[in-house]
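Computed from heavy atoms alone, side chains included, the values below leave out hydrogens, waters and symmetry copies. Numbering of ligands and ligand atoms starts at 1, following listing order. These numbers come from a predicted model, not from an experiment.
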Amino acid sequence: MQIIPMLINGKWVQGDGQELINVVNPSTGEVLAQIKNASKAQVDEAVRAARHAYESEEWRKVKAYERGQLLIQLAQYIRMHAEEWSLLECRDVGKPLTQARADVEAAARYFEFYGGAADKIMGDTIPIEDGILNAVVLEPVGVTVHIVPWNYPLQITARSVAAAIATGNAVIVKSAEDTPLTTHAMTKWFADKLPRGIFQHITGLGRDVGPFLTTHADINHITFTGSVPTGIEVMKAAAQNIVPVTLELGGKSPNIVFKDAPMEQALEGVMRAIIQNAGQTCSAGARLLIEKDVKEMFVAKLVKKFQTLKIGPGEADVDMGPLLNHQQYLKISTLLKQAKENGYVISGGETITIKGYEKGYYIQPTILDGVDANATLAQEEIFGPVLTILTFTSIDEAIALANGTDYGLVAGVWSKDLDTAHYVASRVKAGQVFVNNYGAAGGIQMPFGGYKKSGIGREKGFVALRNYTQMKNIAIRYSTPNHDSE
Ligand code: TXE
């Protein structure tokens with residue numbers, strides 16, 4: 001069985017930890033590979049190597065456009081090996097191949113986008129007075145730590161790593177214990193293309209290895225995507241050394257459907273928003289807010305659509321794959337059991353056993369109705385294909401429901417009326433609002449991040465480059481030669 005090695009200080013090494021941690025294909029239960037925990041000493045070595053590489057003349061001398069070219073080469077390499085990387089992601093996460101292929105293409109686009117941006121990260125000049133040139137320059141922050149979750153491992157690694165390398169930082173990635181495979185593939189590519197220590201990969205259980213990184217005194221930034229409780233831990237750890245964080249912590253995002261919505265598009269949009277990646281998406285459309293007048297019609301059609309979905313192993317390229325692991329499966333099947341006992345399930349609600357794939361973590365896509373807006377099922381992230389319906393009778397009630405959770409990542413508004421759409425978009429507390437679509441095909445270029453407990457800061461787009469740069473103001477006094485000679 002392959003033990004996925006880490007890349008630390010230019011060397012391929014296994015974690016010092018004794019325990020072998022299985023990396024499992026959620027579609028089949030097959031063990032794909034194993035990892036070991038990095039020790040504190042290994043994390044220290046990685047941080048020291050990153051610091052040394054970052055401060056080196058060798059890295060300083062790499063021109064901005066050369067960093068960009070390197071990232072664009074990686075994008076090209078990813079496209080050339082798209083099928084191989086898609087299969088890795090499909091097996092590691094359990095996602096349908098079509099989704100895995102979209103993730104691989106998105107990763108290529110992140111490297112291309114930030115590769116293109118590398119030599120266009122411009123500062124500013126500020127007028128002060130005659131004899132002073134005041135320049136604002138953007139410098140790299142230094143050593144950046146990237147803690148990646150398991151739901152979109154390749155995309156989420158790519159989006160922050162690409163921005164951090166484009167801006168000239170030294171990067172340490174901690175992959176999620178369940179899904180290290182595509183990060184390992186990326187590490188193999190970077191290994192001989194970058195100076196030693198500029199890109200490193202650490203493996204291990206988050207609760208054990210994560211704090212070695214997040215409490216380290218010699219790192220300069222942490223990008224974390226994951227749950228709210230772990231986000232709080234990361235933020236507390238970072239506070240000890242006044243290290244800035246970018247946090248993306250998921251949501252309970254609403255799709256708000258008005259009676260004048262483009263109905264067929266809304267139906268498809270609402271369904272896709274919750275079944276994509278089996279609902280294990282930070283921006284999943286987990287709540288349907290539906291106007292009372294059209295509820296019966298809309299929900300009847302939605303139930304029909306849900307019931308035609310094909311569920312199965314990722315490699316069969318079905319509509320929906322399994323959940324990621326036993327922990328997620330247990331959590332969600334327990335919630336569904338309670339929902340059934342309370343009479344909320346109007347479609348789905350059962351676990352599924354698929355012949356030949358009995359060890360896979362399959363559940364039916366599920367719709368819940370009758371849940372109180374303040375109940376856990378309508379408030380907390382479930383992170384599975386479970387849609388909770390809430391009903392409204394006025395636009396202000398819709399907005400209050402949309403804003404009535406601790407989260408604020410994404411919202412969808414479905415209405416043909418410009419006034420309605422714009423009014424809602426301006427009042428919903430969410431980092432991204434989509435009108436008559438949901439997700440805008442991924443949106444590499446669009447700032448992404450949350451209001452409230454959905455996080456701090458923004459990823460994606462040009463704005464994310466700011467996460468990895470430090471602003472320095474340089475004021476230069478000069479005098480004219482004639483004045484000097486007087
Ligand atoms: O998350 P964690 P888990 C949510 C989702 C899911 C729940 C639990 O609701 O059901 O979180 O999933 C690393 N210091 N999201 O337990 O713990 C860990 O190794 C540093 C939403 O997987 O947040 C992994 O790499 N790192 C989310 C990453 O943090 C630590 C995506 C996420 O783990 C750590 C994933 C620590 N103390 C889960 N503990 C989204 N926003 O999309 C763990 N990690």
Side-chain angles (χ1 to χ4, degrees), residues 15 17 21 23 26 35 37-38 40 43 92-93 95 103 145-157 159-160 172-180 182-183 201-216 219 222-240 243 245-253 276-286 323-335 361 363 376-377 379-386 405-410 431 448-450 452-457 459-460:
I21 301 149
V23 175
I35 56 161
N37 273 349
K40 190 167 190 302
V43 170
D92 213 3
V93 189
K95 55 180 73 192
D103 288 6
V145 167
H146 306 249
I147 298 178
V148 180
W150 44 262
N151 53 344
Y152 291 81
L154 178 59
Q155 273 210 57
I156 293 178
T157 305
R159 79 182 179 200
S160 70
I172 303 175
V173 179
K174 185 352 224 123
S175 55
E177 46 269 43
D178 290 288
T179 56
T182 44
T183 307
H201 177 203
I202 300 279
T203 61
L205 297 172
R207 62 167 189 270
D208 297 335
V209 177
F212 299 150
L213 277 165
T214 55
T215 57
H216 205 289
I219 61 164
I222 301 170
T223 301
F224 170 81
T225 304
S227 63
V228 174
T230 306
I232 293 170
E233 289 305 312
V234 168
M235 207 171 161
K236 278 191 199 161
Q240 295 173 33
V243 167
V245 292
T246 303
L247 303 178
E248 197 264 272
L249 306 178
K252 191 76 177 175
S253 299
Q276 179 176 318
N277 209 32
Q280 304 167 124
T281 302
C282 36
S283 55
L323 297 171
L324 176 90
N325 60 19
H326 189 61
Q327 197 185 328
Q328 288 293 115
Y329 182 77
L330 257 188
K331 174 183 133 181
I332 295 169
S333 48
T334 307
L335 280 175
Y361 304 115
I363 65 161
T376 307
L377 288 168
Q379 288 287 323
E380 294 298 326
E381 186 171 58
I382 295 176
F383 229 53
V386 183
T405 74
D406 283 345
Y407 294 103
L409 193 58
V410 169
F448 177 63
K452 302 189 276 183
K453 287 190 182 162
S454 285
I456 296 179
E459 297 204 67
K460 304 188 179 186

Participant: Under 4.0 Å from ligand 1, counting heavy atoms only, is it the side chain of Val148, its backbone, both or neither?
Facilitator: backbone
Participant: With a heavy-atom distance limit of 4.0 Å, tell me whether Glu248 approaches ligand 1 through its side chain, its backbone, both, or neither.
Facilitator: both
Participant: Can you list the atoms of ligand 1 that are under 4.0 Å from a heavy atom of Phe224?
Facilitator: 23 (O), 28 (C), 29 (O)
Participant: Should the proximity of Thr281 to ligand 1, defined as any heavy atom under 4.0 Å, be assigned to the side chain, the backbone, both, or neither?
Facilitator: neither
Participant: Only heavy atoms of Lys174, strictly under 4.0 Å: list the atoms of ligand 1 that pass.
Facilitator: 19 (O), 25 (O)
Participant: Under 4.0 Å from a heavy atom of Trp150: give me the atoms of ligand 1 that qualify, with their elements.
Facilitator: 3 (P), 12 (O), 22 (O)
Participant: Nearest heavy atom to atom 43 (C) of ligand 1: which of Gly226, Gly206, Ser175, Gly250 does it belong to?
Facilitator: Gly206
Participant: Please state which option from Gln327, Lys236, Glu381 has its nearest heavy atom closest to atom 4 (C) of ligand 1.
Facilitator: Glu381
Participant: With heavy atoms of Cys282 as the reference, note each atom of ligand 1 found under 4.0 Å away.
Facilitator: 40 (C), 41 (N), 42 (O)
Participant: Among Thr230, Thr225, Ile382, whose heavy atom sits nearest atom 32 (C) of ligand 1?
Facilitator: Thr225
Participant: Can you find a side-chain donor-acceptor pair between His201 and Thr183 that sits under 3.5 Å?
Facilitator: no
Participant: Quick check on contacts: which atoms of ligand 1 are under 4.0 angstrom from a heavy atom of Gln328?
Facilitator: 6 (C), 10 (O)
